[in-house]
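In the text below, chain A, chain B and the rest are named by the order of the sequence lines, each starting its count at 1.
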There are 2 protein chains.
Amino acid sequence: MSVTIYEIAERAGVSSSTVARILRGDVRESHARSAATARRVRALASEMGYRANLRARAFSRGRTHSIGLLYTDDAWIFEGVNQHVVNSLVRSLQSEGYHLVFCPIDDGNAWEEIVLGGQIDGGVVFQSLPPKVALAVQERRLPLVLLGDNSDPSLPQVVVDDFAGAYAATKHLIGLGHRRVMLFVHETVKPHCSITERQSGYRAALAEAGLAPCEAMLVSEGEATDAIVRGPERPTGVICYSDLESTLLMHALWQFGISVPSEVSIVGFNDVFSTRFMTPPLTTVGFDAAKIGALGAQLVLQGIETSDRAQAPELLTVKPKLIVRGSTGPAASRDG
Amino acid sequence: MSVTIYEIAERAGVSSSTVARILRGDVRESHARSAATARRVRALASEMGYRANLRARAFSRGRTHSIGLLYTDDAWIFEGVNQHVVNSLVRSLQSEGYHLVFCPIDDGNAWEEIVLGGQIDGGVVFQSLPPKVALAVQERRLPLVLLGDNSDPSLPQVVVDDFAGAYAATKHLIGLGHRRVMLFVHETVKPHCSITERQSGYRAALAEAGLAPCEAMLVSEGEATDAIVRGPERPTGVICYSDLESTLLMHALWQFGISVPSEVSIVGFNDVFSTRFMTPPLTTVGFDAAKIGALGAQLVLQGIETSDRAQAPELLTVKPKLIVRGSTGPAASRDG
DNA sequence: GACGAACATGCCACCGGTGTCAAATTAAGC
DNA sequence: GCTTAATTTGACACCGGTGGCATGTTCGTC
């Protein structure tokens with residue numbers, strides 16, 4: 001099949017160990033002779049088109065240099081800002097000699113093979129870690145990192161400071177004179193720590209200003225429209241959980257002829273690229289997605305290196321910042 | 001470390017081969033005795049928490065059951081409709097016992113390790129196959145499938161019938177009375193077969209109606225705005241290469257107070273989810289993205305099974321269809 | 001009950017690296 | 001030049017399955 005170290009060893013007149021060591025790079029080459037053989041071996045390897053067999057290496061070392069991307073929600077990992085996180089993850093891992101493997105977790109048992117069969121050295125969990133997986137993984141002592149999920153405090157994790165983001169967004173609207181500020185989370189969004197965090201930040205800012213929260217967690221697109229647009233006390237400012245809500249809401253308001261921001265101000269979340277081309281461009285809470293991926297990669301690899309589960313797991317936080325664009329403005333009239 | 005077939009064999013009082021065969025499932029169990037041992041072995045395996053070591057299996061069989069996702073453009077694989085393709089690819093592969101590995105190809109040599117080191121059994125190429133990779137892969141006889149790339153006719157591929165899509169879109173506008181129809185491709189879009197195909201379809205439809213093409217391939221966002229909106233002969237209908245163009249154009253027209261569709265009609269491409277919430281909802285050319293992924297998976301696995309490169313490579317085509325929504329309407333006035 | 005076919009089972013080499021240990025070689029010190 | 005320490009090199013077991021081949025067992029048939 002392909003060239004092995006044995007074939008090179010034979011032609012170079014040295015042992016396979018020597019070839020392996022030279023090609024792997026752990027040889028100091030202080031001797032004149034060793035330097036000469038190293039040169040010869042390397043020349044032969046290059047000439048013969050040698051490539052280390054990664055399957056054999058993985059077997060013998062017990063490491064695949066693969067990291068699993070564990071996720072349950074198909075849409076989530078690709079959606080909006082998460083694609084940048086994944087991308088950054090891939091790049092960061094690659095630069096350290098690791099690569100990322102898709103590992104969707106569903107009702108089947110395909111994930112078990114990968115996670116428990118020793119196919120991956122560690123895993124990066126997106127959004128949420130199903131209990132069945134958590135249990136299985138714990139036995140195998142597979143290093144994991146949680147991204148955007150604080151459900152298991154015993155694992156290292158990278159999170160966005162959602163409280164601060166929602167707080168800043170709410171403050172922004174209050175500062176513009178808004179008194180009825182709504183937090184809008186679409187019903188299809190699965191329960192998730194970022195929701196509660198954003199809720200807390202939102203409530204904290206309102207409480208500080210002595211205002212009452214008016215939250216919405218609506219069922220269908222139609223209902224979302226109705227409740228917000230035609231509700232008894234229409235809010236003058238809405239903070240959307242994500243771009244999905246921003247998009248739906250902007251669309252609904254447009255249909256009803258309600259203008260943004262003169263009648264209703266909207267703040268989004270995540271700073272998805274296309275939202276800056278909305279009409280009007282969306283004021284939104286953004287954060288450095290690439291940093292999340294990079295930190296995530298760092299934490300898994302750290303977990304693999306040390307494999308010391310005793311120490312307190314790291315918790316890294318990424319700070320968001322409010323990006324003011326055109327969808328927010330002064331409250332139309334006092335108590336409009 | 002973890003349980004091996006040898007430990008099970010010892011406790012069951014049989015040989016390791018027997019255990020391996022039973023747990024792998026290739027045993028017919030017609031004998032009463034073999035059925036009994038099979039039961040016993042399986043019970044022991046389950047009790048001891050046995051999991052086949054995939055690293056060992058990959059090594060011994062020379063197959064990793066990994067497929068590489070080869071791509072050069074970060075943004076592309078996640079963008080719009082492609083996420084559905086990737087997702088479907090992952091799922092289709094998973095159901096056949098394979099999994100997908102991110103394999104970004106850049107100037108570094110990280111991809112070489114994966115592609116040439118026997119880390120993957122096959123590859124799915126997105127958008128374009130760099131020559132250096134094509135060359136390296138050819139030597140190794142690694143089965144590849146091209147998705148949305150017709151640059152190498154010697155490889156199996158899955159493509160969307162872009163000609164038909166653009167033709168239908170153009171016909172649609174012509175049917176609505178439009179006589180100056182533009183094809184808009186943003187300058188940042190890399191040269192790609194789908195561009196030329198769409199161009200051809202667009203031109204063919206115009207030629208049939210005896211109309212002259214007016215194409216645009218513009219430099220920056222500002223210029224796009226200017227050329228289309230303030231050009232000497234403003235088109236009444238624009239076909240956008242993708243959602244990026246649709247988004248930019250819609251935004252530009254809004255800024256200039258030009259209404260869609262009464263003054264300008266817009267047709268998009270790819271039917272990205274969020275475009276149905278544009279103002280107005282985008283008329284667009286859509287296609288079954290999941291099907292592309294499924295067909296892609298099928299073709300790679302087929303290539304792995306047969307490993308017969310002699311036969312003519314398959315070329316599967318997915319038909320697009322025009323989805324008419326609110327962004328297209330009758331041409332305002334004759335020769336507006 | 002004997003005979004051959006069909007099939008279960010065991011033995012063992014093999015995949016291609018890694019890493020340990022002992023032997024061989026070299027450099028350093030006096 | 002001789003001894004000792006440092007370092008390179010080689011031999012070899014090992015990782016945990018797989019699969020070919022020989023052996024042993026069961027079954028059907030006459």
Rounded to whole Å, please give me the gap between CZ in B:Arg61 and P in C:dA13.
22 Å

If we require ring centres under 5.5 Å and near-parallel planes under 30°, does A:Phe59 stack on C:dC15?
no

With a 4.0 Å cut-off on heavy atoms, is B:Arg55 in touch with a base, just the backbone sugar-phosphate, or nothing at all?
nothing

Among D:dA11, C:dC11, C:dT18, the one nearest A:Ala20 by side-chain distance:
C:dT18

Atom OH of B:Tyr6 and atom P of C:dC11: how far apart are they, to the nearest Å?
12 Å

Under 30°, 30 to 60°, or over 60°: which ring-plane class applies to A:Tyr98 and A:His65, parallel, tilted or perpendicular?
parallel

Using whole Å, report how far CZ of B:Arg63 lies from C1' of C:dG16.
17 Å

Rounded distance in Å - CG (A:Leu116) to P (D:dG16)
16 Å

Could you tell me how far apart A:His65 (NE2) and C:dG17 (P) are, to the nearest whole angstrom?
15 Å

Strictly distance-based, threshold 3.5 Å: is any side-chain N or O of B:Gln83 a donor or acceptor partner for the main-chain N or O of B:Phe78?
yes

What is the distance from OH of A:Tyr50 to P of C:dG16, rounded to the nearest Å?
10 Å

With a 3.5 Å distance limit and no angle check, can you tell me whether B:Arg55 reaches the backbone of A:Thr64 through a side-chain donor-acceptor pair?
no

Can you measure A:Asn53 atom CG to C:dC14 atom P for me and round it to whole angstrom units?
17 Å

With the side chain of B:Ser60 defined as its heavy atoms from C-beta on, choose the nearest nucleotide among C:dT18, C:dG17, D:dG16.
D:dG16

For the pair A:Glu47 and A:Arg11, find out whether any cationic side-chain nitrogen is under 4.0 Å from an anionic carboxylate oxygen.
yes

If you only use heavy atoms from C-beta on, which nucleotide in D:dG10, C:dT18, C:dG10 is closest to the side chain of B:Thr18?
C:dG10

Can you say whether a donor on the side chain of B:Arg21 sits under 3.5 Å from an acceptor on the base of C:dG10, or the other way round?
yes

Under 4.0 Å from OP1 or OP2 of D:dG17: is there any side-chain N or O of B:Arg24 that close?
no

Using whole Å, what does the distance between atom P of nucleotide D:dG17 and atom CD1 of B:Ile22 come to?
14 Å

Report the residue (A:Ser17 or B:Ser15) whose heavy-atom-nearest nucleotide on DNA chain C is the more 5′ of the two.
B:Ser15

Identify, between B:Ala56 and A:Ser16, the residue whose nearest nucleotide on DNA chain D lies closer to the 5' end.
A:Ser16

Sequence neighbours excluded - ring-ring contact (aromatic ring centres under 6.0 Å, His included) pairs with any residue from residues 35-61 of chain B
A:Phe59-B:Phe59

